[in-house]
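The block underneath contains the structure these notes are about, expressed in structure tokens.
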Amino acid sequence: MPSGQYDFVVVANRLPVDKVGTTDDGEPLYETSPGGLVTALAPVMRSQHGAWVGWAGAPDESGDAFDSDGMHLVPVELSGQDVEDYYEGMSNGTLWPLFHDVIAAPEYHRHWWDAYVRVNRRFAEAAAAQADSGATVWVQDYQLLLVPAMLREQRPDLRIGFFNHIPFPGYEIFSQLPWRRQVIEGVLGSDLVGFQRRSDATNFLRACRRAAGATTRGSSVHVGHGGEGDGHRAVRAAAFPISIDARSFEELASDSAVVARAAEVRKELGDPDLVLLGVDRLDYTKGIRHRLSIFKELIEDGALGDKQVVLVQVASPSRERVKAYSDLRDEVELIVGRLNGDHGTVGWQPVHYLHQSFPRNEMAALYLAADVMLVTALRDGMNLVAKEYVAARHDDDGVLVLSEFAGAADELAQAVLVNPHDIDGTKAAITRAASMSREERRRRMRALRRRVKEHDVERWAQEFLGSLQGRVGARDGGSGIESGSGERER
Ligand code: GDG
């Protein structure tokens, strides 16, 4: 059994860095890359001195493992064809839309699937080579659904956890996937499977019964047909809502330069009475089009009174080579152009659209400058932006308008919750947020901040890993509540 030297190995599609060039000595130059997963895991990795296995972000880039920011990083090479078929294709053209309730139509291509299997095996082999005997391996997200079983096959000594950052759909949707059984069996190579919401875990358990003919008991899935010690295992599926490094975000937003920048931002916007803010990757799941249409109606109705209002929409570039994303960009830019054209005046425009990525301190300044934060996702695993907004508001001010379809809605009950498909309801919610008394804003924000600060990313990781490590070698003791089986579809 080959074994490496790391007791804790994270396996994720991306390494937590981007190659931004080469030094004069020909050494690669890396920069920390943005994104939910990195934001969440980097602090945990640093404190545990583990290894991180992932793609460096550029095709055909081969390279040796290297250390960066206290982390041992192990690049997995992807060819241009792998990027097209495994990443842009199967991951972002099939699984992403399928798992987000088919907001965009998933495509099913056998050569994408073949590439997905091939690349997942590559990640599993790289992780197996890093992990010490009995190590804990934590596999991340929908690009690597097959890795747990591939890893277990090679290294039955490992503890394997899997965390799904995006929603897990209901079976009526999941069952579209031609490879549904293989995907479920891949994930079931884990000891523990984590989801953002309880409803995701419930959907997964049902898929285990229906697609793989497994028996479940409470939150456990029984794998294998033999008795105890005969290849029989219990896999647990449960919710572990991810969070942010709330303290460091609060500190950043308290920095006097950031506070001053927030005031400057409002000034640069023309000192409006009301600043609305949206911050998203430019993704069809985030409800940006719905938000813009709702904002347009609010302006046309005059529902916000005489207030001079601006909407700042940061739409950071994302997956631009996938057609649904380039189409979305065109649509959003058309809507913004029309809205500003129809309603702007010389010296004032209602929407400030920024198709750019900003440094973290600028994001914190934007959060501080916004009276109302709009998170109107149509489907979202968690949505870290909602939590960042709350963490940044050390002044106990600002109102969060939050879609009930974002995982964050399960925790952030004091936000103004909306169904973004309900145009009138969302308009009313924004109007209410805009006219909320200082006292109510403070009361709600304090409760939100308490929640986010107590349930930060460190706690998320501790709870997941604590639960995973507590389950080493566990065999099902039959202490569950309910059981289900025989639902298998042929
Ligand atoms: C997936 C799931 C889940 C965005 N633009 C800039 C920037 N960002 C940062 C935000 C935030 C992160 O990216 C986005 O996180 P989200 O959670 O909102 O969304 P996804 O990227 O879709 O993440 C999601 C997450 O995984 C974690 O499990 O919550 O549901 O879809 O941190 O601040 N950061 C900087 N500049 C930008 O322009 N610096």
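All ligand and atom numbering here is 1-based and tracks the order in the structure. We use all heavy atoms of the structure for the numbers below, so side chains are in, but hydrogens, waters and symmetry mates are not.
Classification of the Phe249-Tyr367 ring pair by plane angle, with boundaries at 30° and 60°, yields tilted. In this structure, Tyr86 and Phe123 have tilted ring planes: the angle between them lies in the 30° to 60° band. The aromatic rings of Phe163 and Trp138 stand perpendicular to each other, their planes meeting at an angle above 60°, with 30° marking the opposite boundary.
With sequence neighbours excluded, the residues forming a side-chain hydrogen bond (donor to acceptor under 3.5 Å, both in side chains) with Asp327 are Lys323, listed by chain and number. With sequence neighbours excluded, the residues forming a side-chain hydrogen bond (donor to acceptor under 3.5 Å, both in side chains) with Lys427 are Glu297, Asp301, listed by chain and number.
Both the backbone and the side chain of Val385 come within 4.0 Å of ligand 1, counting heavy atoms alone. For Trp96, every heavy-atom contact with ligand 1 shorter than 4.0 Å involves the side chain, none the backbone. If you look at Ser316 next to ligand 1, the close heavy atoms, those under 4.0 Å, all belong to the side chain.
The shortest N/O to N/O separation between Pro359 and ligand 1 does not fall below 3.5 Å. Considering backbone and side-chain atoms together, Phe358 places an N or O closer than 3.5 Å to an N or O of ligand 1. For ligand 1, none of its N or O atoms has an N or O atom of Phe163 under 3.5 Å away. At under 3.5 Å, not a single nitrogen or oxygen of His100, backbone or side chain, sits near a nitrogen or oxygen of ligand 1. Of the polar atoms of Leu384, at least one N or O is found under 3.5 Å from an N or O of ligand 1, judged by distance alone.
Close contacts of ligand 1 with Gly381, meaning ligand atoms under 4.0 Å from a residue heavy atom, involve 30 (O). Close contacts between ligand 1 and Gln196 involve ligand atoms 3 (C), 28 (O) [criterion: under 4.0 Å to a heavy atom]. Near Glu388, meaning under 4.0 Å from one of its heavy atoms, ligand 1 places the atoms 10 (C), 11 (C), 32 (O), 33 (O). Ligand 1 places these atoms under 4.0 Å from at least one heavy atom of Gln356: 38 (O).
Side-chain atoms of Met373 and Val390, non-hydrogen and from C-beta on, never get closer than 4.5 Å to each other.
Closest heavy-atom approach to atom 19 (O) of ligand 1 within the set Lys286, Gln140, Arg379: this belongs to Lys286. Between atom 22 (O) of ligand 1 and the options His355, Arg281, His165, the minimum heavy-atom separation is to Arg281.
For Phe249, the heavy-atom gap to ligand 1 stays at 4.0 angstrom or more. Glu362 does not count as a contact of ligand 1, since none of its heavy atoms falls under 4.0 Å from the ligand.
For Tyr142 and Trp96, the gap between ring centers is short of 6.0 Å. A distance of 6.0 Å or more separates the ring centres of Phe174 and Phe204. Ring centroid separation for the pair Tyr116 and Trp179 does not come in under the 6.0 Å cut-off.
At a cut-off of 3.5 Å, with distance as the only test, a side-chain donor of His72 or Asp67 sits close to an acceptor on the other residue.
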